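It should be emphasised that the depicted structure is a prediction, and the values quoted were computed from it without experimental measurement. Remember, it's 1-based here, ligands and their atoms both numbered in the order they're listed.
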Amino acid sequence: MHKYEEALKILSNISLNFKTERVAVNEAFNRALAEDLYTDFPFPDCRKSAVDGYAIVIWDKMEYTIKGESVPGDLRNADIQAGECIFVMTGGIVPDNTDAVVRVEDVEEENDHILLNRKPEKGVNINLAGEEFSENTLFAEHGKLLDELAFPALCYSGKKEVKVYKKPKIGVFVTGDEILEPGDDYKRGHVFNTNRYILHSLLGHLPADIHYLGRFNDDEEDIAEVLEKSDEYDILVSSGGVSMGKYDFVKKILQEYDYEIIINKTAIKPGSPLMVARNENCTIFGMPGYPAAFATNLILYLLPFVRKSCGIKNFENNIVKGKLRTSMRSRINALYFNRAIVKIEDGEPVAYDPGSQKTSHFLNFFNVNGLVMLDENVGSLEKGSIVNIIPVRGL
Ligand SMILES: Nc1nc2c(c(=O)[nH]1)N[C@H]1C(S)=C(S)[C@@H](COP(=O)(O)OP(=O)(O)OC[C@H]3O[C@@H](n4cnc5c(N)ncnc54)[C@H](O)[C@@H]3O)O[C@H]1N2
Ligand code: MOO
């Protein structure tokens with residue numbers, strides 16, 4: 001039996017078999033960068049107008065002669081003198097010797113000239129070349145997930161290809177004769193397959209190839225056969241069959257066949273009977289079958305491990321401090337991760353007990369968005385206590 005932090009350490013000590021590939025930038029969405037990226041040119045690459053207006057070469061009168069126009073992307077450098085101007089559109093290049101751009105609404109236009117109502121300051125409404133980034137500046141670091149906002153910034157950089165981590169291959173199977181699939185007719189005493197969907201919901205957004213291998217009856221030969229496939233995967237995840245029953249074959253096979261057990265139970269609740277083993281380059285997560293136990297192990301151990309296997313540098317779970325708005329029960333024997341409804345109130349995170357914390361109960365996960373940590377030496381806590389919270393859905 002390992003403590004939570006020890007188990008995390010064991011997982012972080014596994015040496016992973018990272019592979020990389022180069023992909024076109026428009027295929028890099030949601031992949032993890034495997035290189036540092038530097039700008040190829042300054043941003044903006046030349047002086048540009050911030051508004052629709054007139055680029056002027058300042059003189060001491062208020063009247064300027066219009067000598068032409070510049071639209072975005074037009075590279076001609078209009079040759080204009082003091083007292084002259086050209087019309088420029090927002091984002092248009094401003095001629096090198098112009099001093100400022102005056103907004104169209106701030107001038108009166110008459111035939112071929114404009115009249116200013118006041119003298120403009122030098123440099124106004126001109127975005128300078130390199131003001132955002134100069135050439136050869138580090139703008140994206142290796143290990144960054146190219147997510148919703150990082151990816152557009154990568155496109156903005158004008159790169160054609162980037163080096164990313166290859167997607168780890170994850171196999172998943174569930175065990176249990178009693179498991180029905182959602183959509184099957186209800187049968188008394190049976191349960192509906194939840195764990196397959198917990199896994200897909202919590203890992204599906206990551207750059208990993210997830211293969212569902214199916215549901216297996218509690219049959220030693222069948223389960224031994226699917227576990228043997230571990231050499232085809234980077235990570236193999238099973239659900240159920242890791243406690244003490246005589247049909248708990250995942251645990252039996254991992255222990256008795258040729259697998260290297262690296263974790264056998266962790267001192268957390270719910271979900272203590274986690275078993276982690278290694279076979280060649282594959283890490284096998286034998287997860288307990290109760291959905292609440294499965295989800296807790298997934299959030300605490302598997303999710304960070306998968307993020308890391310995808311090449312994501314910030315792979316650890318975030319922990320925030322917050323206040324209990326209701327009391328919470330736990331026992332002094334294990335680190336409890338109580339499910340919680342987490343909100344921001346008066347600018348700080350607070351947590352509410354959703355009701356039952358029993359491992360065999362799951363429906364209240366419907367409204368839960370975080371786990372509250374209750375220390376093994378402290379036990380239950382009163383309303384108002386300050387606790388560590390692991391947010392699961394964005395706060
Ligand atoms: N004698 C002991 N019994 C148990 C112990 C123990 O130490 N000694 N530990 C208990 C703890 S703690 C847990 S947690 C569970 C873990 O059990 P298993 O991992 O062996 O899981 P199963 O028995 O296969 O299933 C438990 C429960 O979950 C339901 N289930 C299973 N798979 C799914 C799924 N894919 N979707 C939805 N529900 C699922 C299954 O029907 C059972 O009801 O063991 C305790 N027992
Ligand atoms: O550790 Mo188990 O998940 O409580 O019931």
Side-chain angles (χ1 to χ4, degrees), residues 1-4 7 170-184 186-203 210-220 222-223 226-227 236-256 261 263-277 284-302 328-339 356-366 368 371-374 376 379-380:
M1 173 91 84
H2 293 282
K3 292 199 171 207
Y4 171 56
I170 305 180
V172 188
F173 66 95
V174 305
T175 65
D177 299 29
E178 76 288 13
I179 311 247
L180 305 171
E181 277 302 317
D184 285 351
Y186 159 77
K187 278 193 206 151
R188 194 170 131 85
H190 288 57
V191 297
F192 287 94
N193 191 355
T194 308
N195 298 345
R196 172 183 175 184
Y197 301 97
I198 294 174
L199 188 133
H200 276 274
S201 310
L202 284 167
L203 301 184
I210 302 178
H211 302 256
Y212 181 61
L213 308 178
R215 181 197 66 81
F216 293 83
N217 284 334
D218 295 312
D219 175 280
E220 180 163 350
D222 288 356
I223 294 176
V226 64
L227 281 169
L236 185 63
V237 185
S238 67
S239 145
V242 290
S243 58
M244 308 296 285
K246 63 180 177 182
Y247 293 104
D248 286 333
F249 289 121
V250 174
K251 178 171 179 163
K252 178 171 189 277
I253 295 162
L254 291 178
Q255 281 182 314
E256 294 179 7
I261 308 288
I263 295 175
N264 182 1
K265 296 186 119 195
T266 75
I268 64 159
K269 280 282 176 185
S272 56
L274 170 75
M275 176 162 273
V276 184
I284 305 166
F285 283 77
M287 312 259 276
Y290 276 131
F294 185 89
T296 306
N297 276 294
L298 200 152
I299 293 162
L300 298 182
Y301 299 123
L302 184 61
M328 272 205 181
R329 291 185 50 188
S330 75
R331 294 210 192 104
I332 299 180
N333 63 355
L335 173 58
Y336 274 70
F337 289 88
N338 278 17
R339 57 202 87 146
S356 170
Q357 296 289 348
K358 233 176 138 171
T359 308
S360 54
H361 296 179
F362 189 70
L363 266 192
N364 62 10
F365 261 87
F366 218 89
V368 158
L371 301 176
V372 162
M373 297 170 73
L374 296 153
E376 67 200 81
S380 300

Determine, using heavy atoms of [X] and all atoms of ligand 1, whether some pair is separated by less than 4.0 Å.
| X | value |
| --- | --- |
| G176 | no |
| F362 | no |
| K269 | yes |

If we number the atoms of ligand 1 from 1 as shown, the ones under 4.0 Å from a heavy atom of S272 are 12 (S)
Counting from 1 in the order shown, the ligand 1 atoms closer than 4.0 Å to a non-hydrogen atom of I179 are 31 (C), 32 (N), 33 (C), 34 (C), 35 (N), 39 (C)
Task: Option whose closest heavy atom lies nearest to atom 1 (N) of ligand 1, chosen from E178, M287, M244 - done: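 Answer by nearest heavy atom: M244.
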Min over Y290, F249, F173 of heavy-atom distance to atom 27 (C) of ligand 1 lands on Y290
Fill in: For atom 3 (O) of ligand 2, closest protein heavy-atom neighbour
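Checking every protein heavy atom, the shortest distance to atom 3 (O) of ligand 2 gives G271 N, 2.5 Å.
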What I want to find out is whether E181 reaches R196 closely enough, with some N-O distance under 4.0 Å, to be called a salt bridge.
yes
Is there a side-chain contact between L203 and L302 in this structure, where contact means two heavy atoms from C-beta onward sitting under 4.5 Å apart?
yes
Measure from the ring center of F249 to the ring center of F216 and say whether it is less than 6.0 Å.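 Not close enough - the centres of the two rings lie 6.0 Å or further apart.
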Worksheet item: Which atom pair, heavy atoms only, marks the closest approach of P273 to V242?
Response: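 Smallest heavy-atom distance, with atoms named: O-CG2, 3.2 Å.
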Quick note on ligand 2: atoms under 4.0 Å from a heavy atom of A293 include exactly 3 (O)
task: Using non-hydrogen atoms of the residue, decide whether P273 is closer than 4.0 angstrom to ligand 2.
output: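 So P273 counts as touching ligand 2.
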